[in-house]
Structures are given as C-alpha cells and as structure tokens.
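Side chains included, hydrogens not; waters and symmetry mates left out as well; all remaining heavy atoms used. The chain is numbered in sequence order, starting from 1.
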Amino acid sequence: DMAPGDTQEVIVDGGLHSGNAADSRGQTADPPLAYSTSEKVRTLVIAVAVVGSYLALFLTAYWLLPVGAFFWLWAVRNTVMKVGTGSIKPDGGMFTFALVIAAGIWAIVNGPCMTEALLSYSIVVSVIIGLNYILLPYAWARLFQWNMARMAVRAYKASEPFGWVMLAYATTMVAFWLVASPVVLGVRYARCVQ
C-alpha cells in the first residue's frame, strides 16, 4: 500500500517513471488503480461524514452544530496538512462552516422551534456551502476534462478510484446542502408555526 505522496514506478512511453512523474509530453502519469491504505481510511471518513450528516439532519433539530463542527475541523485539518508543502492557503471550509456553527449555536439557544430569521439564515448558509461544493466538480471538469485519474494524481496524489470517491462525495454534499437541508429546515419551521 502507498501512503500519500509515495510514488510508484509505472511504464510511460516505454520508460520507467514514478507515479507522480511527468511523461515525455509533460503530463502526469496515470495513478495506480489500487487503493492505498490511507485512501481507504479517507474513504471511510468521507462515508461516515456523509451518512452522519444525513442522519443528524433527519433525526435532530440541532444538527447544524455537530455537522458544521465536523466539517470545520476537517477544513482546519486540511489547512494544517498544507503547512509543510509551502502553500499555507487556508481551506475555504474554515470560513463557510464557521457560518454553520453559528447557525447551530443560534438554534440551540433558540430552542427546538426555529424563528423566521434563523430559518432564513440557515437556508442562506446551506446554499452558500452547496454552491461551494458545486465548484469542485466544475473545477475538475475545467482542469482535468473529467479525467479522474489525472485529477486524483494532481489534486490528491491518490489513485483513480479515490478521484471517483471525491466526485461522489461532492455530489452527495451538493444534494445535502442545496436540497435536503433547506427542505428539512422549511418543514420543521412550518410545523412550529402551525
């Protein structure tokens, strides 16, 4: 199994190159098709995050705080992981998920029934985050022409299957923030005002 950043030797244009090396045309070699152990762990964390988000959304009125806090901590982790790479650009999720945390705290202080102001704020925040998730597949389409192998190597230093995992993750999060969240928030608000 390969760890993130490890290289694997592959044959490109008749020559032996590392998995992250460029071929004679300056393109990055295709990644291995096998998952590494770290990719399996990342996939499991992504699956737990997605399933946990949907469960929290449907099972509790106070879902905003735990879901926002989880993804905010993940964004902090992503930023910290970049420290040794020379690029210390903060993950945008540190800012957007802070808005979700604020909505979650507001919801807890407010009680089980939402006010119209809290509903509006929560829906606006959900849409902002959903639009951010739409940018991921859009950027991949522009940069990599939907070549998941190239995207996985260049964006994540990972295998092609992990590229597909990330696309599935972005798609489910678009559905979560742009569809499920506003609908559930609206239904809960409607029940409170009846």
Side-chain angles (χ1 to χ4, degrees), residues 41-82 87-144 146 148 151-152 155-156 158 162-194:
V41 170
R42 288 190 282 178
T43 300
L44 180 62
V45 170
I46 289 168
V48 168
V50 169
V51 171
S53 296
Y54 276 93
L55 286 175
L57 172 66
F58 290 107
L59 296 179
T60 177
Y62 302 111
W63 66 273
L64 287 161
L65 184 58
V67 170
F70 175 85
F71 286 108
W72 182 81
L73 287 170
W74 192 260
V76 169
R77 175 227 173 248
N78 288 343
T79 302
V80 169
M81 296 295 284
K82 293 177 188 174
S87 167
I88 312 179
K89 194 166 81 174
D91 186 312
M94 290 175 56
F95 307 106
T96 55
F97 287 111
L99 300 173
V100 179
I101 291 171
I105 293 169
W106 187 0
I108 289 170
V109 169
N110 192 68
C113 281
M114 295 193 126
T115 62
E116 190 173 330
L118 176 56
L119 171 70
S120 300
Y121 175 79
S122 299
I123 288 176
V124 166
V125 167
S126 293
V127 169
I128 289 169
I129 292 175
L131 293 175
N132 279 343
Y133 276 108
I134 283 177
L135 290 177
L136 278 175
Y138 175 76
W140 294 337
R142 295 281 310 235
L143 293 172
F144 307 113
W146 294 105
M148 288 297 115
M151 184 278 286
Y156 297 101
F162 191 72
W164 288 104
V165 166
M166 291 306 295
L167 179 63
Y169 164 69
T171 304
T172 57
M173 287 289 97
V174 167
F176 180 86
W177 292 106
L178 290 183
V179 180
S181 173
V183 168
V184 170
L185 288 167
V187 167
R188 287 194 178 137
Y189 174 75
R191 286 182 185 159
C192 284
V193 296
Q194 287 180 348

query: Among Thr60, Val100, Ile105, which residue meets the side-chain contact (heavy atoms from CB on, under 4.5 Å) test with Leu65?
result: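 Testing Leu65 for a side-chain contact (heavy atoms from CB on, under 4.5 Å) against Thr60, Val100, Ile105 leaves exactly one candidate, Ile105.
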Rounded to the nearest 0.5 Å, what separation is found between the [atom1] atom of [X] and the [atom2] atom of [Y]?
X: Thr172; Y: Ile46; atom1: OG1; atom2: CD1; value: 9.0 Å
X: Cys192; Y: Glu116; atom1: SG; atom2: CD; value: 13.0 Å
X: Met173; Y: Ile134; atom1: CE; atom2: CD1; value: 13.0 Å
X: Asn132; Y: Phe97; atom1: CG; atom2: CZ; value: 8.0 Å
X: Ile123; Y: Leu178; atom1: CD1; atom2: CG; value: 11.5 Å

Hey, are the side chains of [X] and [Y] touching, using non-hydrogen atoms and a 4.5 Å cut-off?
X: Val125; Y: Leu64; value: no
X: Arg77; Y: Asp91; value: no
X: Val45; Y: Trp74; value: yes
X: Leu185; Y: Tyr189; value: no

Locate the shortest heavy-atom distance separating [X] from [Y]; write the atom from each residue and the value.
X: Leu59; Y: Arg188; value: N-NH2, 4.1 Å
X: Phe176; Y: Tyr54; value: N-OH, 3.1 Å
X: Ala180; Y: Leu57; value: CB-CD2, 3.6 Å

Answer yes or no: is there a donor N or O on one side and an acceptor on the other, between the side chain of [X] and the main chain of [Y], under 3.5 Å?
X: Tyr62; Y: Ala107; result: no
X: Ser53; Y: Val67; result: no
X: Asn110; Y: Cys113; result: yes
X: Tyr121; Y: Leu99; result: yes

- request: Quick one: list whatever passes side-chain hydrogen bond (donor to acceptor under 3.5 Å, both in side chains) with Ser122, sequence neighbours left out.
  value: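 Residues passing side-chain hydrogen bond (donor to acceptor under 3.5 Å, both in side chains) with Ser122: none at all.
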- request: Take atom CZ of Arg191 as the centre, draw a 6.0 Å sphere, and report whether it contains more than 12 heavy atoms from other residues, nucleotides or ligands.
  value: no
message: Counting neighbours of CH2 on Trp72 that are heavy atoms of other residues, nucleotides or ligands and sit closer than 6.0 Å, is the number greater than 12?
response: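 Counting neighbours around CH2 of Trp72, 12 or fewer heavy atoms of other residues, nucleotides or ligands fall under 6.0 Å, so no.
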message: Would you say the ring centers of Tyr169 and Tyr133 fall short of 6.0 Å from each other?
response: yes
